[in-house]
2 protein chains.
Amino acid sequence: MSTKLEWLKEIDGQLWLVEDEKENLRLYYRVKEVIHAEQSPFQHVMIVDTYEFGPTLVLDGVIQTTSRDGHIYNEMITHIPLLTHPNPKRVLIIGGGDCGAAREVCKYAQVEHIDMVEIDELVVKVSKQYLTEVSGNLSDPRVRFIYEDGTTFVKNQNSTYDVVIVDSSDPIGPAEQLFSYEFYRDIEQALKPDGLMVCQSQSPIFHMDVLKQTYERISKLFPIARVYQAVVPTYPGGLWSFTLGSKKYRPEQLEDKWNKEAKYVNKGILKACFHLPESVRQALGV
Amino acid sequence: MSTKLEWLKEIDGQLWLVEDEKENLRLYYRVKEVIHAEQSPFQHVMIVDTYEFGPTLVLDGVIQTTSRDGHIYNEMITHIPLLTHPNPKRVLIIGGGDCGAAREVCKYAQVEHIDMVEIDELVVKVSKQYLTEVSGNLSDPRVRFIYEDGTTFVKNQNSTYDVVIVDSSDPIGPAEQLFSYEFYRDIEQALKPDGLMVCQSQSPIFHMDVLKQTYERISKLFPIARVYQAVVPTYPGGLWSFTLGSKKYRPEQLEDKWNKEAKYVNKGILKACFHLPESVRQALGV
């Protein structure tokens, strides 16, 4: 096991994970233990146990999911599209190596098949082994794991899926192409005539440019485009955005269909998440 | 001008403000310039210009308000109670030395008088001078500045105010008493028979104990108690809570009364802010 020490600092005998991808803001998380650290062909993959957030998945030094708050992101990226579609049978997840999104999709009995296309098998492996609070050690037979580039995979699909979920990391490194117009266009092709997609579209505080661009691209491709939000404590700024593109169904009255158990989502959140702060609404022109 | 260097660190020739009041989580903000630093009789008061958030008020090393996101907290702690009360004429603000809350209250033409009771005159002075993005260099003649202990002041009021806003710092140091049952009881006395109060009740992520205790105390004293939330990027965890206690009026259909301009609040936010995440709802038992 190799350890990339640039993200781990020892200070006064304590071990800290340092998130410093922002030039002017750094977050230090105190670490109990490095559970696993390994360079994959795509990125540096690490599971560290942090005092504040428990076991945490770190890719290239950036926190992706923690045991304490990973459910928020995973519930929000799945339940909104799955409740919007009246009968989702075939679902494609691109990315989502922590398995948390797939786990939530499996809560829907009407879903028959889930293709999970993750470029990095190592992320799935360590998440299933060490991040069970998030992954639930996913073993549902409806999930097919496909380890390849999501952009290549989706090019070869045509009218196949009811719902596509793009659960990517930040638009640097292996995930950069998952924010391109061509990729969203290919997803539009991969969806059935009444299908819909959702993607994470970054922080409205620190990456308004990415959110705006994503919303504009999805608005060009889909007659129905909506941005919604969640509060993820371990993502800088707290506020996180998702963008939904839909060919036919509108995300309305979702609370009337809610009958699951969750830790973040409830009927109120399903209504509230579409109400964006005024500055975000103005920046998007919605 | 003195400088407390324990909160400012020079790293590789750059100056950083270090928030380390949490044992296992540290935030580093890169600083352009220390604009003012001075020990008052109550606390260490500093205005630093940060790269990410602009001029920022720091008390005893903890960020209170920044030029970039201070409006969120100040809009949310004022507009909810002022819209809930059908005719707020006399308003008391306890704390709020950055003047941002008073500035928002001044947007209501029907408000005739605002008592602003802040223990630390220095906070008001430096905010008016250096934090004008937040304070607006407040000079409305309806505002009376009273520099004394809010807990003492409120004990001597009886059926005086329509709305009381408790805009405190964290429950350590000078603000500790602003979270006590006795203080809320004195506020209840200071309010008219149809009056209402609001206080900031900390992070549901990191201080659920404080939020729960505040909600329980206010529920004992007021027939109507409600918790609402906002996303404040510079507060750890992002999510922040406020608790409203009201003798008569319920915070309902506030969006129908909204006719102001704001950067965070809009009709949607006025509806959404009362919908709490499921884990918070369950912890509060609401």
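Throughout, a chain's letter reflects where its sequence line sits, starting with A, and its residues are numbered from 1.
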Colleague: Within the 3.5 Å criterion, strictly below it, is a donor on A:T243 or A:S201 matched to an acceptor on the partner's side chain?
Modeller: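 Yes - a donor-acceptor pair under 3.5 Å links their side chains.
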Colleague: Anything in residues 265-286 of chain A with a heavy-atom distance to chain B below 4.5 Å? Please list those residues in order.
Modeller: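 Within residues 265-286 of chain A, near chain B: A:V265, A:N266, A:G268, A:I269, A:K271, A:A272, A:H275, A:L276, A:P277, A:E278, A:S279, A:R281.
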Colleague: Picking from A:V31, A:V231, A:N24, which has the most non-hydrogen pairs under 4.5 angstrom with chain B?
Modeller: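 The option with the most such pairs is A:N24.
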Colleague: Got a donor-acceptor contact below 3.5 angstrom from the B:Y249 side chain to the B:L83 backbone?
Modeller: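 Checking the backbone N and O of B:L83 against the side chain of B:Y249, no donor-acceptor pair under 3.5 Å is found.
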Colleague: B:A262, B:S203, B:G238, B:G237: which one forms the most heavy-atom pairs within less than 4.5 Å of chain A?
Modeller: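 Highest number of pairs under 4.5 Å: B:G237.
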Colleague: Can you say whether B:E19 sits under 4.5 Å from chain A via the side chain, the backbone, both, or neither, judging by heavy atoms?
Modeller: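 It is neither, since no heavy atom gets under 4.5 Å.
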Colleague: Checking A:Y235 against chain B: side chain, backbone, both or neither under 4.5 Å from a heavy atom?
Modeller: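 Neither part, no heavy atoms under 4.5 Å.
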Colleague: Look only at the side chain of A:Q200 and the backbone of A:S168, and say whether a donor-acceptor pair between them is shorter than 3.5 Å.
Modeller: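 Indeed, once roles are kept as given, a pair shorter than 3.5 Å links the two residues.
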Colleague: Roughly how far apart are B:I77 CD1 and B:D167 CG, rounded to 0.5 Å?
Modeller: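 CG of B:D167 is found 4.5 Å from CD1 of B:I77.
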Colleague: Report yes or no: does B:T78 contribute a side-chain atom to a donor-acceptor pair with the main-chain N or O of B:M76 at less than 3.5 Å?
Modeller: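 Flag not set: sc B:T78 to bb B:M76 has no pair under 3.5 Å.
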Colleague: Return the OG1 to CG distance between A:T132 and A:L138, rounded to the nearest 0.5 Å.
Modeller: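 Rounded to the nearest 0.5 Å, the OG1-CG separation comes to 12.0 Å.
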Colleague: If you tally heavy-atom pairs under 4.5 Å against chain B, which of A:Y51, A:F53, A:Y28, A:F206 wins?
Modeller: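 Greatest number of close heavy-atom pairs with chain B: A:Y28.
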Colleague: Starting at OG1 of A:T234, measure out to CG of A:L27 and round the result to the nearest 0.5 Å.
Modeller: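 Going from the OG1 atom of A:T234 to the CG atom of A:L27 covers 9.5 Å.
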Colleague: Donor-acceptor pair, distance only, cut-off 3.5 Å: does the side chain of B:Q64 make one with the backbone of B:V62?
Modeller: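 Side chain of B:Q64 to backbone of B:V62, a donor-acceptor pair under 3.5 Å: yes, one is there.
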Colleague: Are there residues of residues 65-73 of chain A that reach to under 4.5 Å of chain B by heavy atoms, and which ones?
Modeller: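 A:R68 fall under the 4.5 Å cut-off.
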Colleague: Side chain of A:T50, backbone of A:G54: donor and acceptor closer than 3.5 Å?
Modeller: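 Yes, because the side chain of A:T50 sits within donor-acceptor range (under 3.5 Å) of the backbone of A:G54.
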Colleague: Check the orientation of A:H79 and A:W258. Use parallel for under 30°, tilted for 30 to 60°, and perpendicular for over 60°.
Modeller: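 A:H79 vs A:W258 ring planes: perpendicular.
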Colleague: Under 4.5 Å, counting heavy-atom pairs only, tell me which of B:K22, B:E52, B:Q14 racks up the most with chain A.
Modeller: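 Of the options given, most contacts go to B:E52.
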Colleague: Drop me the distance from B:W16's CH2 to A:L25's CG, to the nearest 0.5 angstrom.
Modeller: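 With rounding to 0.5 Å, CH2 (B:W16) is 7.0 Å from CG (A:L25).
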Colleague: I need the minimum non-hydrogen distance between B:I224 and B:P251, along with the two atoms involved.
Modeller: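 For B:I224 and B:P251, the tightest heavy-atom pair comes out as CG2-CD, 4.3 Å.
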